[in-house]
4 protein chains.
Amino acid sequence: MEKKHEVKTSVKDENLIEKRRHQMIRAAVTLFKEKGFHRATTREIAKEAGFSIGTLYEYIRSKEDVLYLVCDSIYNEVHDKLSQIKLENGTIDDLKNAIRHYYGVIDDMQDEFVVMYQESKSLPKGALDYVLKKELEMMDIFHKILKGCIQTGELELTDAQAKLYAHTLVVQGQMWAFRRWALRKEFTIEQFTELQIEFVLNGMGK
Amino acid sequence: MEKKHEVKTSVKDENLIEKRRHQMIRAAVTLFKEKGFHRATTREIAKEAGFSIGTLYEYIRSKEDVLYLVCDSIYNEVHDKLSQIKLENGTIDDLKNAIRHYYGVIDDMQDEFVVMYQESKSLPKGALDYVLKKELEMMDIFHKILKGCIQTGELELTDAQAKLYAHTLVVQGQMWAFRRWALRKEFTIEQFTELQIEFVLNGMGK
Amino acid sequence: MEKKHEVKTSVKDENLIEKRRHQMIRAAVTLFKEKGFHRATTREIAKEAGFSIGTLYEYIRSKEDVLYLVCDSIYNEVHDKLSQIKLENGTIDDLKNAIRHYYGVIDDMQDEFVVMYQESKSLPKGALDYVLKKELEMMDIFHKILKGCIQTGELELTDAQAKLYAHTLVVQGQMWAFRRWALRKEFTIEQFTELQIEFVLNGMGK
Amino acid sequence: MEKKHEVKTSVKDENLIEKRRHQMIRAAVTLFKEKGFHRATTREIAKEAGFSIGTLYEYIRSKEDVLYLVCDSIYNEVHDKLSQIKLENGTIDDLKNAIRHYYGVIDDMQDEFVVMYQESKSLPKGALDYVLKKELEMMDIFHKILKGCIQTGELELTDAQAKLYAHTLVVQGQMWAFRRWALRKEFTIEQFTELQIEFVLNGMGK
DNA sequence: AATGAATGAGGATTCATTCAT
DNA sequence: GATGAATGAATCCTCATTCAT
């Protein structure tokens, strides 16, 4: 398991670090969403976070660290939320459940998702790898569920298909965040979710 | 129909404009793919294109114009290629055909797609609107095919579904460009295409 | 009264702003005099002022701001100095006094005057208006003195004449700055002053 | 007598040179008045003049040459016009006549005057000297007239006074061009002329 | 003689980062 | 720990000038 990319800080107090980083991430998401990573300045981030540029740099080493913290925090939040899913035992309902949960998370964190996917390419190499790993983890949640369904015979898929469909599920969810400008006019998140569930289950032969 | 966003040039010779812009776009895609729009400098673009910074600015007004030209050219190319599809008369084969064609285009233009979707947010407002319009046009190609199939009774879908699935088809194609890093390990473009076709047709109840 | 054109700064410490701007203005006058506004580069200004280009831009928004600050500071200095004149009660001596004072100021600030009059056309619209207002204020000082003399009967002039002569007094003073290259060979400032006073008083029928 | 500053050209046909330069000067005055020497580009000058940038450079060596040609042409025009004055024999009427003539010229060529005085500092050293010489020549016209009046006893002035007053006459005329923004509201050129003549004659004790 | 495409030095401005207080 | 003034490398863009056609 690759080690987590570390962000150096010169502050000792762990609680303070937690608090400041939280402020920082909130500020950054707001700004990155509005103007993108490159156009948002560190000064603006500090100001929006409620402290000075000097203080910002007490908690990070470089601007890219901010982006990393943003991506990391989003992944963690998503992962936490998805981990709450109670999986039964390889039933289709597990899958439906997971999809509903996942789509709900995406709806809640639309801005964060858009920011993360549009800006993560700006991460330094090491951090990027870490983030791709996280992305795979997310895909893996669905992959596992699908494999569960295969084992119980609820679904008949090759392993390759299971993998592909796991990716597809992840991507179809992200669609809701990325194509808001078009989809919002036609569907509520509930409608979108149910239609996609139907489509996907059909797609997998159910 | 909204007028095309114009890029001013101080050069008069139309052929030359065509030629230089082509060089410019090729260079820009290469660089944007490598380091993104913001990290690529105008000098690098000019150099990669084979002329001087001064010459670059004879053909554009600002760096953002380069990005616009890139996006515009990609859309045009995709649109051209998709327009070559011979549509019969509302058969499922039309749909399969279109998907194969579309996926083929994406495979051919992977870099361009990634660049376009990752950087288009950096376009100035007016150009962004134009590009979103193009995106809708692309979606509309599939929407029309689906409506054709509905009319002939080949598919049974509500209009809302038709629209959503048109988006889904577009997005699932893009997946191939965006998740290369993961999908390439498991599938060839042909495998990917056929699996997705199967999935999608099942999804729509076929 | 029109509000003063404001120059934005990102520095908060008022004393520092005062100090840095003073350095900046001194440097700018030196350079503008030597090579004019357009040929003087911001880097040169910063260097001459004794700080870096980055620091310069902490105290201004654009190069034109420097010019504005120069003009503003000159007007303020002139205005301050002329305000020290003790005006009696509409006597010719008031007028003579004012002229002597004014000519003295011009002699002290020759470079500044030349810079201001040659470069102020490069000010952005808003700042230019503000500066023209200041110019009128200067004219008005003499206009008031003349009106005083008219009321006490010391001078017999129409109001139109008073206004015109006020302009003339201002301009004849500036002459000393602008035609240095010719006048310096023939006169000292004292000679120039006394001759002009004599001429002007005669001109007005005294 | 200093040799006239020469502007190199690669064109042989004298008539053509004359014609093109005339177009060029007209264009330049228009643009310099509007935006100043530095902000007017050579491309704009060429375009306004009705030919291409390449052609412009067939008739000049550098942008500064354009400015020189402008200044030179203005001086020549002024000088020509003032030379038409029929001088009698040292009478005050000669002086009045000259002033009226001069003020008329300034009124006709307001833009040219403003351009010339505001931009001439941008001339290269050699050309600047030539232009200052021209300025002295203009002053000299008045100086001669004054000396004429002194000799006939019409005026009682020291030679120093005669020189100073010659300068003053030149400057007071320019006032009309430079302070248009204020004077125009109060006076017509005729009123201005007559008031200044009265003032000046009084000033010289007449 | 006329044209206009090409050039690249030069200049204004921004902004991540540092460090003394 | 917090602050914010200072720094200067980096970058976009302009425009006078040249030269092949």
Side-chain angles (χ1 to χ4, degrees), chain A residues 9-13 16-17 20 38-47 51-66, chain B residues 9-13 16-17 19-20 38-47 50-66, chain C residues 9-13 16-17 19-20 38-47 50-66, chain D residues 9-13 16-17 20 38-47 51-66:
Chain A
T9 167
S10 48
V11 176
K12 303 289 160 59
D13 182 336
L16 202 46
I17 294 176
R20 292 278 182 252
H38 282 98
R39 288 199 222 279
T41 69
T42 51
R43 271 168 157 95
E44 285 171 322
I45 296 168
K47 190 173 183 190
F51 39 75
S52 73
I53 181 66
T55 300
L56 180 70
Y57 273 86
E58 294 291 316
Y59 295 89
I60 54 164
R61 270 296 176 262
S62 75
K63 191 185 175 188
E64 283 164 345
D65 280 349
V66 179
Chain B
T9 166
S10 50
V11 174
K12 295 169 180 176
D13 184 331
L16 205 46
I17 294 175
K19 181 182 157 194
R20 293 279 180 255
H38 282 98
R39 288 200 222 278
T41 70
T42 52
R43 267 184 166 79
E44 285 171 322
I45 296 169
K47 191 173 183 188
F51 37 70
S52 72
I53 179 68
T55 299
L56 180 70
Y57 275 88
E58 292 286 313
Y59 295 89
I60 54 163
R61 271 286 184 272
S62 73
K63 191 185 174 189
E64 283 166 345
D65 280 348
V66 180
Chain C
T9 168
S10 47
V11 174
K12 295 169 180 177
D13 183 332
L16 204 46
I17 293 175
K19 180 183 160 195
R20 293 280 180 255
H38 283 98
R39 287 200 223 278
T41 70
T42 51
R43 268 181 165 81
E44 285 171 324
I45 296 168
K47 191 173 182 187
F51 36 70
S52 72
I53 181 65
T55 299
L56 180 69
Y57 275 88
E58 292 286 312
Y59 295 89
I60 54 165
R61 271 285 185 274
S62 74
K63 192 184 174 189
E64 283 166 345
D65 280 348
V66 179
Chain D
T9 165
S10 49
V11 176
K12 302 290 161 60
D13 182 336
L16 202 47
I17 294 176
R20 293 279 182 253
H38 282 98
R39 287 199 222 279
T41 70
T42 52
R43 271 168 157 95
E44 286 171 321
I45 296 169
K47 189 172 183 188
F51 38 75
S52 73
I53 181 65
T55 301
L56 180 70
Y57 273 85
E58 293 291 317
Y59 295 90
I60 55 164
R61 270 298 177 258
S62 75
K63 190 184 175 190
E64 283 164 345
D65 280 349
V66 179

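Scope of the values below: all heavy atoms of this structure, side chains included, with no hydrogens, waters or symmetry mates. Letters A, B, ... are given to chains in the order of the sequence lines, protein chains preceding strands, and every chain is numbered from 1.
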Could you check whether B:A40 gets within reach of a base, just the sugar-phosphate, or nothing at all, counting any heavy atom under 4.0 Å?
sugar-phosphate
Complementary nucleotide of F:dG8, counting Watson-Crick and G-U pairs under 3.5 Å
E:dC15
With a cut-off of less than 4.0 Å, is there a side-chain N or O of D:T55 near OP1 or OP2 of E:dT3?
yes
Below 4.5 Å, heavy atoms only, C-beta onward: do C:E58 and C:T9 meet side chain to side chain?
no
Taking for each residue the nucleotide of DNA chain E with the nearest heavy atom, is it C:R39 or B:D13 whose nucleotide lies nearer the 5' end?
B:D13
Consider the side chain of D:F51, meaning its heavy atoms from C-beta on, and name the nucleotide among E:dA6, E:dT3, E:dA16 that approaches it most closely.
E:dT3
Can you tell me how far the CZ atom of C:R43 sits from the OG atom of C:S52, to the nearest 0.5 Å?
10.0 Å
Nucleotide of F:dC12, F:dA5, F:dT14 approaching B:I53 most closely (side-chain heavy atoms)
F:dT14
Of the options F:dA9, F:dC12, E:dG4, whose atoms approach the side-chain atoms of B:R43 most closely?
F:dC12
Does D:Y59 have a side-chain nitrogen or oxygen under 4.0 Å from the phosphate oxygens OP1 or OP2 of E:dA2?
yes
For E:dA6, does OP1 or OP2 lie under 4.0 Å from any side-chain N or O of B:S52?
no
Counting only side-chain N and O atoms of C:Y57, is one of them less than 4.0 Å from OP1 or OP2 of E:dT14?
no
Measure the distance from NE2 on A:H38 to C1' on E:dA16 and round it to the nearest whole Å.
12 Å
Think C:R20 has a side-chain N or O under 4.0 angstrom from the OP1 or OP2 of F:dA6?
yes
Below 4.0 Å: OP1/OP2 of F:dC15 and any side-chain N or O of D:T41:
no
Does F:dC15 have OP1 or OP2 sitting under 4.0 Å from an N or O in the side chain of D:T42?
no
Taken to the nearest whole Å, CD/B:E58 to P/F:dC13 is 14 Å
Rounded to whole Å, please give me the gap between CG in B:L56 and P in F:dT14.
11 Å
Just wondering, do D:L56 and D:I60 contact through their side chains at under 4.5 Å, heavy atoms?
yes
Intermediate values then yes/no, salt bridge (Lys or Arg N to Asp or Glu O under 4.0 Å), C:R39 and D:E64
CA-CA 13 Å; C:R39 287 200 223 278; D:E64 283 164 345; 3.4 Å; yes
Which base, if any, makes a Watson-Crick or G-U wobble pair with E:dA1, both distances under 3.5 Å?
none
Round to a whole Å and report the spacing from CD1 of B:I17 to P of E:dG4.
13 Å
On DNA chain F, more 5' by nearest nucleotide between D:S62 and C:L16 is C:L16
Of B:I60 and C:K12, the one whose closest nucleotide on DNA chain F sits nearer the 5' end is C:K12
Would you name the heavy atoms of B:D65 and B:R61 that are closest together and state the gap between them?
OD2-N, 2.8 Å
